[in-house]
Student: 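Okay, handing you the structure first.
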Amino acid sequence: MSTIAHTQKRGFAGTVWEYLTTVDHKKIAILYLLAGGFFFIVGGIEAMMIRIQLAVPNNDFVSAGLFNEIITMHGTTMIFLAAMPLLFAFMNAVMPLQIGARDVAFPFINALGFWLFFFGGLFLNLSWFLGGAPDAGWTSYASLSLASEGHGIDFYALGLQISGFGTLMGGINFLVTIINMRAPGMTYMRMPLFTWTTFVASALILFAFPPLTVGLFMLIFDRMFGSGFFDVAMGGNTIIWEHFFWIFGHPEVYILVLPAFGIFSEIFPTFSRKRLFGYSSMVFATVLIGFLGFMVWAHHMFTTGLGPIANAIFAVATMAIAVPTGIKIFNWIMTIWGGSIQFTVPMLYAIAFIPSFVMGGVTGVMQAAAPADYQLHDTYFIVAHFHYVIVGGIVLGLIGGAHFYWPLMFGTMLSEKLGKITFVLFLVGFHLTFFIQHFLGLMGMPRRVWTFLPGQGLETGNLISSIGAAFMAVGIIIMLINIVITQKNNVQVGRDPWKDGRTLEWALPSPTPFYNFKQLPLVRGLDPFWIEKMEGKTEMTPAEPIGDIHMPNNSFIPFVISLGLFIAAFGAMYQMDDKAWAIPVLVIGMAVTFGAMLVRSIKDDHGFHIHKEDLLEEDGKGGTR
Amino acid sequence: MANLQQNSNNPKASYEYRRKKHAEEMRMQVITFTMMIFFTVIAFAAVGAGFSKWFIIPFVLLLAVVQVIFQLYYFMHMSHKGHEAAQLFMYSGVLVGFITILTFLTIIWW
């Protein structure tokens with residue numbers, strides 16, 4: 001196979017097949033973006049339903065049971081199926097280009113990771129149509145989730161198990177890529193901050209997801225096979241689930257926020273036309289946050305009765321995390337200081353991020369004080385805190401990152417005008433929604449409550465909060481319109497569209513060739529493309545002569561492996577109802593998965609080479625693709 | 001082999017050097033192998049001699065840890081160059097696992 005096969009135009013079916021079988025990190029990034037974006041919309045609709053229900057006292061827009069399902073699915077969807085895949089989209093799209101690699105280390109595993117996540121998320125969301133969604137909160141505490149009737153919790157446990165496998169594979173893949181596939185001269189201390197945060201977040205995934213896997217298996221066994229890990233009546237301990245969940249759950253917060261920090265650390269220097277202030281301290285702070293992230297999980301459990309010594313240790317460890325985070329905040333401010341600032345849409349998100357995230361961080365330190373947490377626990381203060389961190393940190397990072405990296409991923413530039421409208425609506429809506437919730441919490445409004453009574457001073461606050469949510473929704477709708485218009489016009493903006501790109505990904509032609517780098521670039525320092533520009537060059541200095549490039553073949557097997565587990569999950573779930581077809585379905589599903597793995601193992605697939613002559617010929621034609 | 005980088009263009013000198021290195025390594029492997037067998041014998045003997053379980057369990061665990069370290073450093077060549085990333089991740093994993101177990105021992109099953 002030569003390059004020709006990859007450049008010819010495809011029909012619609014051909015494009016679909018290409019994406020179903022692709023192992024190219026840039027296309028997998030687009031798949032993650034589409035799937036994550038879809039689940040983000042689903043989670044957003046759930047959020048709007050929550051805010052409509054709570055807009056006025058004694059509302060009965062949704063029933064109490066349905067409300068529980070909605071809050072559970074809102075949290076689960078947003079964390080596992082929206083925020084993480086969207087970050088994975090940027091990691092896939094940008095990280096290999098930033099380190100000068102031709103793909104990730106294991107392209108096949110990359111595709112498998114995506115399809116596992118996708119089918120896990122699909123399985124979880126099918127619960128809406130198959131007898132009710134999970135209703136024990138996104139934390140699914142065992143004493144509640146074991147008592148939950150119907151199959152909601154089984155959907156939760158099995159769906160997260162499948163998508164968790166995908167995430168774990170993705171994390172390991174990124175680690176191996178960053179350790180082994182950096183271009184000549186790209187030392188660890190020359191890696192862009194987004195690559196660094198991807199690295200640390202992937203390490204956290206590696207260590208944090210196994211506890212979740214174990215916890216979920218215990219939950220599955222307790223519910224489906226009659227074991228008693230969390231059942232006190234059988235000698236189990238329900239607190240163990242909370243520990244496992246938060247040993248995973250707290251690092252998960254940093255898995256999400258660190259890549260967002262990384263995106264901002266790319267946006268600030270680009271639009272300030274200055275190198276990142278305190279690069280090495282940024283790296284140090286990232287790694288330190290990663291380490292400390294594993295030693296603080298019990299601050300979610302202060303009120304379970306761990307005792308004063310444990311509470312004090314975890315309180316102090318939690319407060320310690322504010323130190324590296326503060327280092328980062330000051331470094332970002334110092335990066336902008338004295339820079340030649342351009343207020344583009346990504347830069348606006350980055351600047352808005354600083355105060356928004358600091359507010360979330362400050363309330364975090366307040367809650368870290370264990371005695372104060374006894375008052376704040378399970379109130380709207382907590383809801384306000386974590387939305388300030390997640391929306392003010394991660395979602396602003398995702399939207400800002402989407403505007404920033406859109407030209408890299410699609411070759412087109414999102415409209416600045418519509419982008420600024422989205423920004424204003426979203427930021428105003430965000431603060432309107434969540435700032436007031438601090439006070440609702442301090443007034444005693446409990447978290448996860450279905451409705452509230454009039455005359456308790458909660459009406460105005462809740463109404464303001466709901467109005468803010470509507471602002472955010474309108475902002476997101478305008479962003480979607482922006483995306484549709486931009487893609488319909490399809491004005492290609494070419495290479496280095498922001499003009500001030502500093503890192504390797506902007507040095508590539510647009511659209512990025514499917515082999516990324518014709519010749520691996522020679523990296524001569526931090527911000528390698530900027531260094532070349534300062535010496536009056538327009539391209540990277542190559543580190544190797546043009547030669548054959550080895551590429552992997554597309555494969556449909558990742559899809560089939562994931563589909564098998566998806567089918568098997570239905571069998572595993574319905575066998576507890578003594579359905580006759582359940583066990584055969586489980587067996588068939590597993591047979592599909594293991595059969596596909598067997599095919600993958602015994603069939604040799606050596607990939608193909610792009611020949612030197614083809615590459616040289618492309619040069620002759622002007623190298624448009 | 002990939003771990004022993006050639007620093008000299010003189011093939012003869014580099015051959016001599018590698019020979020010496022290999023001989024040294026072989027000696028270490030034989031020594032550690034002997035010690036590992038010795039440790040195993042001691043572990044069995046400790047159980048066979050019928051000491052209190054408060055002595056035997058920590059003692060056997062300690063011997064096991066030493067054996068794992070021998071295995072990693074002398075048989076799996078972790079002492080060589082190029083294993084820094086693997087070491088970092090292994091020690092991080094051990095640390096996370098240790099903190100988890102310590103917490104479970106102290107605040108759940110106290």
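In what follows, every chain begins at residue 1, and chains take the letters A, B, ... in the order their sequences are listed.
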Student: How about W297(A) and I99(B): do any of their side-chain heavy atoms sit closer than 4.5 Å?
Tutor: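 W297(A) vs I99(B): side chains touch.
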
Student: Anything in residues 84-98 of chain B with a heavy-atom distance to chain A below 4.5 Å? Please list those residues in order.
Tutor: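 Listed by number, the contacting residues are A85(B), F89(B), S92(B), G93(B), L95(B), V96(B).
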
Student: Does CE in M189(A) sit with more than 12 non-hydrogen atoms of other residues, nucleotides or ligands closer than 6.0 Å?
Tutor: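 More than 12 heavy atoms, drawn from other residues, nucleotides or ligands, come within 6.0 Å of this atom.
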
Student: Can you establish whether the number of heavy atoms outside Y374(A) located under 6.0 Å from its atom OH is more than 12?
Tutor: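 More than 12 within 6.0 Å, yes.
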
Student: For Y74(B), does the OH atom sit with more than 12 other heavy atoms under 6.0 Å from it, leaving out its own atoms?
Tutor: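 Not buried by this count: 12 neighbours or fewer within 6.0 Å.
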
Student: Report, as yes or no, whether the 6.0 Å neighbourhood of atom CZ on F38(B) holds more than 12 heavy atoms from other residues, nucleotides or ligands.
Tutor: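 Not more than 12 within 6.0 Å, no.
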
Student: Could you work out, with ring pair (Phe, Tyr, Trp, His ring centres under 6.0 Å) as the rule, every residue matching F51(B), not counting sequence neighbours?
Tutor: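 By the ring pair (Phe, Tyr, Trp, His ring centres under 6.0 Å) rule, F51(B) matches F55(B).
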
Student: Check whether more than 12 heavy atoms from other residues, nucleotides or ligands sit under 6.0 Å from atom OH of Y188(A), and answer yes or no.
Tutor: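 More than 12 within 6.0 Å, yes.
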
Student: Tell me if the CZ atom of F39(B) is crowded by more than 12 foreign heavy atoms within 6.0 Å.
Tutor: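 Counting other residues, nucleotides and ligands, CZ of F39(B) exceeds 12 neighbours.
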
Student: Is any residue of residues 231-250 of chain A within less than 4.5 Å of chain B by heavy atoms, and which ones?
Tutor: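 Answer by number: N237(A), I240(A), H243(A), F244(A), I247(A).
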
Student: Report, in residue-number order, which members of residues 309-324 of chain A are under 4.5 Å from chain B by heavy-atom distance.
Tutor: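 Contacts with chain B: A310(A), F314(A).
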
Student: Once rounded to the nearest 0.5 Å, what's the spacing between atom CD1 of I107(B) and atom OG1 of T304(A)?
Tutor: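 These two atoms lie 7.5 Å from each other.
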
